[in-house]
Number of protein chains: 2
Amino acid sequence: MITIKDIAQISGYSISTVSRVINNRSDVSEKAREKIESIIREQNYQPNENARMLKQNISSDISVIVRGSKSIFLESILEEVQIRMGKHGENINVHFIAETDDEVATAVQVGQTLKPKGFIFLGGSADHFREEFSQISLPSVLVTVDAADFGYDNLSSFTTDDEEAAACAVNMLLKQGHRRIGILGGYLSDRSGEFEDNYRTLRIRGAVKELEKHGIRFDFEKDYEPCAFSAESAFPAADKLLRRSPDLTAIFALNDAVAVGAIRAFRDMGLDVPRGISVVGFNGVSYVRYLNPRLATIRQDTAKLARKSVDDLLLRISYGSPAIHEKIPYEYFGGESTAPPSK
Amino acid sequence: MITIKDIAQISGYSISTVSRVINNRSDVSEKAREKIESIIREQNYQPNENARMLKQNISSDISVIVRGSKSIFLESILEEVQIRMGKHGENINVHFIAETDDEVATAVQVGQTLKPKGFIFLGGSADHFREEFSQISLPSVLVTVDAADFGYDNLSSFTTDDEEAAACAVNMLLKQGHRRIGILGGYLSDRSGEFEDNYRTLRIRGAVKELEKHGIRFDFEKDYEPCAFSAESAFPAADKLLRRSPDLTAIFALNDAVAVGAIRAFRDMGLDVPRGISVVGFNGVSYVRYLNPRLATIRQDTAKLARKSVDDLLLRISYGSPAIHEKIPYEYFGGESTAPPSK
DNA sequence: AACGTTTCTGTAAACGTTTTCATCAAGTAT
DNA sequence: ATACTTGATGAAAACGTTTACAGAAACGTT
């Protein structure tokens, strides 16, 4: 194995000078720099990461903490994050934790062992963050939950305005004349009676508010049915919801997988979509426009979300730029899964 | 920060003895071990990974190299790998590389900088491996490509028998009476005229062989159309294929996303699936049974594939067990997207 | 000519481990 | 008693870097 020592020997300079070249220090003569650089290239020398990290007491990794997972939405953000980090030559390590785990506690622990230079939180919940994030001093990005008013200057956040987007989706249904609209997906927390997860809360809140704005009071008991964010879970839930409230003419599904499961359930009940009932999804995963019927949904730009998050984090790591909070735009994608109510 | 030195001081033992305890060496007295262990716990001491790695000249990471990506199939395997590694307390770093890159070359480079203790290759191609894998001496697993006859004793492989599974899918179509069957997806390599990617080759080969077994000669010029493994890419390709060969009564799509895109394209041409044309997919991603029509497909157990791969790699890293090559079973999932031909 | 700057370079300590080797005590066989 | 083995322990070197500090050389200023 070839080390800094070898480079020093070959070049005739000392180890420190070589180190200075490696780290792009300014106090090296042009002559030395050029010579050493050429030798490094020609010997294909790679500084030993472990030694650097040991000395500097940080790793060069970035830790990504994914909470909940198993949703195409998060997966696709994660993939973008990984790709983009790779492009920057950064290494990331990913930690999946269960829906019920505390991501901040995990981060503290990871920070202790792995000493990453930053964190990206995917699919976190506002609950944990607000209180406990103060334990983390590294540059971090919270993707999916708005942390603008948390008051931490080392925490950026990138989100779509779920509340507004949900309102938009419901508004489209209202415009078509629907008045009996059900909501499907997410779940209520055991403890607080609040919605467990921030962006679920937001979507539901946005939808309910929009309904109220149009003089419709939403009856959670009757017209809401919780389920996990998958087609499998939505399938029975959709069935249950419609049997309880057969007069619903439209369903707002909290994500696309839920919409897919719901549509299947309705068809199995002998109900055509959209003629029998309208369905609108959320998230715009890539295949929705090829489904039958094409699913109406809110499209979020996951690539952009990921890109902004990564770029912001790296910038803040390198230059200590201040944390920012940004909303990524969404758009309503009109499909064929909605139509004016027939009942 | 609390170090091994501190533990030594507190316990009254020397650094070496503490190190021995940490590494579970046998030459430590029970008394010393217990005392030191209790102090480690109570001080919540975590050995510095960087120092260990520096000394031992390896990292504790495992590198996963994903080639091609962007397919739900690989994504779902990757996710399983990540989860399972996490459960074992292992750290992984993931490297995405382009379809056209050489994964072995990447691995060599990664090995030099990151010094992982093992590799997992996802979505690799047989071409590169057979020749160049000898450069890699670390325990490795090749997922998706069968390496049984490559002759490397540090390379395990886990695959589904794509060739057999494809034959099975096509056989189902044949049984229903189809004789004019098209194939959609994958692409031919520029250089060799061979199929670039091993498992694409296998699927196509399996399909073609099955046809020939029934006395049908497959005309690549007319009845095959290449495309990437996404609905977006399959949509125009399916259209093109059917316009060129309008007498096809069934399509074997090389994966489910391709099938989804194809079905959409056929419907847009005014052709009902399955009454106008049958479509069978491959891979069995989770939502296919909720699509309309439910997609007939080959279901592969990605969770099992990932689990076996991870377990095998860890076993081999720890105990130097010999490399193995295993086929994960598949099953045909009959949907509603096929029917006897009407023409 | 003496001094102060600036620019470049080298020496050596330090980072937190693992591991080789030596030491010492205690036990066992002569 | 003596020699040999065994088991437990510690001292110190080593892993490949970074960096504080000191020194040397080159130059400009008085």
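Residue numbers start from 1 in every chain, and the chains themselves are labelled A, B, ... in the order their sequence lines are given, proteins ahead of strands.
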Enquirer: OP1 or OP2 of dT9(D) less than 4.0 angstrom from a side-chain nitrogen or oxygen of S29(B), does that happen here?
Expert: yes
Enquirer: What integer distance in Å separates E49(B):CD from dC15(D):P?
Expert: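 E49(B) atom CD is separated from dC15(D) atom P by 20 Å.
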Enquirer: Decide whether S63(A) and N93(A) meet the rule of one side-chain donor and one side-chain acceptor closer than 3.5 Å.
Expert: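 Yes, a side-chain donor-acceptor pair sits under 3.5 Å.
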Enquirer: Taking five pairs at each end, how big is the angle between the two axes of the helix from dA1(C)-dT30(D) to dT30(C)-dA1(D), to 10°?
Expert: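 Overall, the helix from dA1(C)-dT30(D) to dT30(C)-dA1(D) bends by 50° from one end axis to the other.
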Enquirer: For F129(B) and F121(B), I'd like to know if the aromatic rings sit close, meaning centre-to-centre distance below 6.0 Å.
Expert: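 F129(B) vs F121(B): aromatic centres under 6.0 Å.
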Enquirer: Could you tell me the separation between the CD atom of Q9(A) and the P atom of dG10(C), rounded to a whole number of Å?
Expert: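 Value for this atom pair: 13 Å.
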Enquirer: Please state how far atom CG in D6(B) lies from atom C1' in dC15(C), giving the value in whole angstrom units.
Expert: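 Those two atoms, CG and C1', are 13 Å apart.
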Enquirer: If we ignore angles and hydrogens, is there a donor and acceptor under 3.5 Å between the side chains of S156(B) and D312(B)?
Expert: yes
Enquirer: Please give me the minimum heavy-atom distance between S14(A) and A8(A), naming the atom from each residue.
Expert: C-CB, 3.8 Å
Enquirer: For each nucleotide in nucleotides 16-25 of chain D, reading 5' to 3', give B when a protein heavy atom comes within less than 4.0 Å of its base, S when such contact involves only the sugar-phosphate, and - otherwise.
Expert: BBBB------
Enquirer: Could you tell me the separation between the CD atom of E30(B) and the P atom of dG7(D), rounded to a whole number of Å?
Expert: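 About 14 Å, once rounded to whole Å.
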Enquirer: I need the S140(B) OG to I65(B) CD1 distance, nearest 0.5 Å.
Expert: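 That separation rounds to 9.0 Å.
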Enquirer: Please give, in whole Å, the distance from dT9(C) C1' to R33(A) CZ?
Expert: 14 Å
Enquirer: Under 4.0 Å: is that the gap between some side-chain N or O of Y13(B) and OP1 or OP2 of dG10(D)?
Expert: no
Enquirer: Under the side-chain hydrogen bond (donor to acceptor under 3.5 Å, both in side chains) rule, what do H88(B) and D311(B) come out as? Steps first, then yes or no, please.
Expert: CA-CA 9 Å; H88(B) 283 289; D311(B) 291 355; 3.3 Å; yes
Enquirer: Do side-chain atoms of T17(B) reach the backbone of Y13(B) as a donor and acceptor pair under 3.5 angstrom?
Expert: no
Enquirer: Just checking Q46(A): does its CD atom have more than 12 heavy atoms from other residues, nucleotides or ligands closer to it than 6.0 angstrom?
Expert: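 Yes, the 6.0 Å shell around CD holds more than 12 heavy atoms from other groups.
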Enquirer: Is any side-chain heavy atom of Q300(B) less than 4.5 Å from a side-chain heavy atom of L305(B)?
Expert: no
Enquirer: Rounded to whole angstroms, how far apart are NZ on K31(B) and P on dT9(D)?
Expert: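 Whole-Å distance recorded here is 7 Å.
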